[in-house]
Amino acid sequence: MELSAELILKAYACGVFPMAESKDDPSVFWVDPDMRGVLPLDEFHLSRRLARTVRSGKFQVSVNQAFETVIRKCAERTATREESWINDSIVEVYGDLHHQGNAHSVECWSGSNLVGGLYGVSLGAAFFGESMFSRATDASKVALVHLVERLRAGGYTLLDTQFVTKHLTGFGAIELPRGTYLGQLRYALEREATFYPFDSEFSCELMQSSTHIS
């Protein structure tokens with residue numbers, strides 16, 4: 001079945017998402033895990049060390065300024081990740097989703113260098129996090145902090161992480177049984193949210209006032 005932006009959105013609305021076996025495999029398969037990873041927005045955990053990094057301004061954060069570059073960097077093989085599930089078909093169709101306003105990226109810069117970021121899909125009041133990359137310590141984490149603040153300010157109720165990793169557990173990610181997840185998904189799809197709740201970059205003070213910090 002040929003991927004299209006419309007098909008991807010219909011799949012997400014049913015709780016299903018696509019992956020490729022490898023970066024070089026042109027085909028994709030659909031994933032519907034028994035246990036689904038989510039990051040509860042009202043229980044997001046931010047360490048004091050990372051909060052200091054956010055406050056320091058070490059990275060400059062932007063949104064939707066380098067979507068294609070972000071997804072291609074997420075697809076790169078690295079010394080710690082020998083394979084990627086993002087193939088050219090996925091890059092192309094998520095690019096289409098971005099152009100139509102359903103897919104977004106958050107970028108972290110060090111000067112003119114893109115050193116971290118993430119991307120995902122927005123549908124109703126649900127955001128489906130797809131992948132992230134980091135080429136500098138804490139860069140992808142700072143991007144995630146920005147994403148969470150943006151989603152909370154924009155009225156989102158669900159941040160889907162697909163799976164739970166050790167990295168995400170530190171931020172408060174949990175697993176939900178499929179049925180519980182689908183209930184939260186239906187709730188989110190019945191509501192509206194905006195990915196653009198503010199014009200300027202987020203306030204670290206606001207993040208700290210509404211986030212578990214330790």
Side-chain angles (χ1 to χ4, degrees), residues 3-19 28-46 61 63-64 67 70-71 74 85-86 90 93-106 117-132 140-141 143-165 167-198 202 206-207 209-212:
L3 286 182
S4 68
E6 181 182 9
L7 178 61
I8 296 291
L9 293 180
K10 287 181 178 179
Y12 277 122
C14 295
V16 182
F17 56 90
M19 297 181 72
V28 300
F29 60 95
W30 297 98
V31 183
D32 183 14
D34 292 334
M35 300 296 292
R36 190 67 164 252
V38 300
L39 186 50
L41 292 169
D42 58 352
E43 297 179 12
F44 182 72
H45 179 267
L46 178 64
V61 181
V63 172
N64 290 332
F67 182 88
V70 168
I71 190 171
C74 287
W85 55 268
I86 303 171
I90 289 176
V93 74
Y94 281 81
D96 293 340
L97 286 166
H98 172 63
H99 290 305
Q100 70 181 37
N102 286 107
H104 304 286
S105 59
V106 178
L118 56 82
Y119 77 97
V121 173
S122 176
L123 192 60
F127 190 88
F128 306 88
E130 287 296 314
S131 188
M132 60 176 60
S140 63
K141 295 179 181 179
L144 180 60
V145 171
H146 182 99
L147 174 68
V148 168
E149 171 62 5
R150 182 169 287 269
L151 298 183
R152 295 173 71 164
Y156 287 80
T157 64
L158 176 64
L159 174 49
D160 176 355
T161 66
Q162 300 179 346
F163 303 106
V164 173
T165 63
H167 173 73
L168 291 173
T169 299
F171 290 101
I174 60 174
E175 287 187 324
L176 297 178
R178 181 189 287 115
T180 304
Y181 167 79
L182 290 176
Q184 292 193 10
L185 176 60
R186 284 192 295 270
Y187 178 87
L189 294 179
E190 292 171 353
R191 282 152 180 78
E192 294 184 359
T194 176
F195 196 73
Y196 303 98
F198 35 64
F202 73 97
L206 178 61
M207 169 58 76
S209 69
S210 57
T211 302
H212 298 283

Parallel, tilted or perpendicular, judged at 30° and 60°: which one describes the rings of Phe127 and Tyr156? perpendicular

Would you call the rings of Phe163 and Phe17 parallel, tilted or perpendicular, taking 30° and 60° as the class edges? perpendicular

Nearest-0.5 Å distance that lies between atom [atom1] in [X] and atom [atom2] in [Y]:
| X | Y | atom1 | atom2 | result |
| --- | --- | --- | --- | --- |
| Arg36 | Ile174 | CZ | CD1 | 13.5 Å |
| Ser131 | Ile71 | OG | CD1 | 8.5 Å |
| Thr157 | Leu185 | OG1 | CG | 9.0 Å |
| Leu168 | Glu175 | CG | CD | 11.0 Å |
| Glu130 | Gln162 | CD | CD | 4.5 Å |
| Tyr12 | Asp160 | OH | CG | 8.0 Å |

Apply side-chain contact (heavy atoms from CB on, under 4.5 Å) to residues Ile8 and Asp96 and explain how you reach the verdict. CA-CA 11 Å; Ile8 296 291; Asp96 293 340; over 6 Å; no

Does the side chain of Leu147 reach to within under 4.5 Å of the side chain of Leu159, using non-hydrogen atoms? yes

Flag the pair Arg178 / Pro33 as yes when at least one side-chain heavy-atom distance between them is below 4.5 Å, and no otherwise. no

Verify side-chain contact (heavy atoms from CB on, under 4.5 Å) between Ile86 and Tyr119, making sure each step is shown before the conclusion. CA-CA 12 Å; Ile86 303 171; Tyr119 77 97; 3.5 Å; yes

I'd like to know if Lys10 and Glu6 make a salt bridge, using a cut-off of under 4.0 Å between side-chain N and carboxylate O. yes

Is the backbone of Gly120 close enough, under 3.5 Å, to the side chain of His104 for a donor and an acceptor to pair up by distance? no

Within the side chain of Thr161, is there an N or O that forms a donor-acceptor pair under 3.5 Å with the backbone of Leu39? no

Please check if the distance between the ring centroids of Tyr94 and Phe67 is under 6.0 Å. no

Decide side-chain contact (heavy atoms from CB on, under 4.5 Å) for Lys141 and Phe171; before the verdict, give the C-alpha distance in whole Å, the side-chain angles of both, and the deciding distance to 0.1 Å. CA-CA 9 Å; Lys141 295 179 181 179; Phe171 290 101; 3.9 Å; yes

Between [X] and [Y], what is the shortest heavy-atom contact and its length?
| X | Y | answer |
| --- | --- | --- |
| Met19 | Val31 | SD-CG2, 3.7 Å |
| Leu9 | Gln100 | CD1-NE2, 3.6 Å |
| Asp32 | Gly15 | OD1-O, 3.8 Å |
| Ile90 | Pro18 | CD1-O, 4.4 Å |
| Ala143 | Gly117 | CB-CA, 4.1 Å |

List the steps and the verdict of side-chain contact (heavy atoms from CB on, under 4.5 Å) for His98 and Val70. CA-CA 12 Å; His98 172 63; Val70 168; over 6 Å; no

side-chain hydrogen bond (donor to acceptor under 3.5 Å, both in side chains) evaluation trace for Asn64 with Tyr196: CA-CA 11 Å; Asn64 290 332; Tyr196 303 98; 2.7 Å; yes

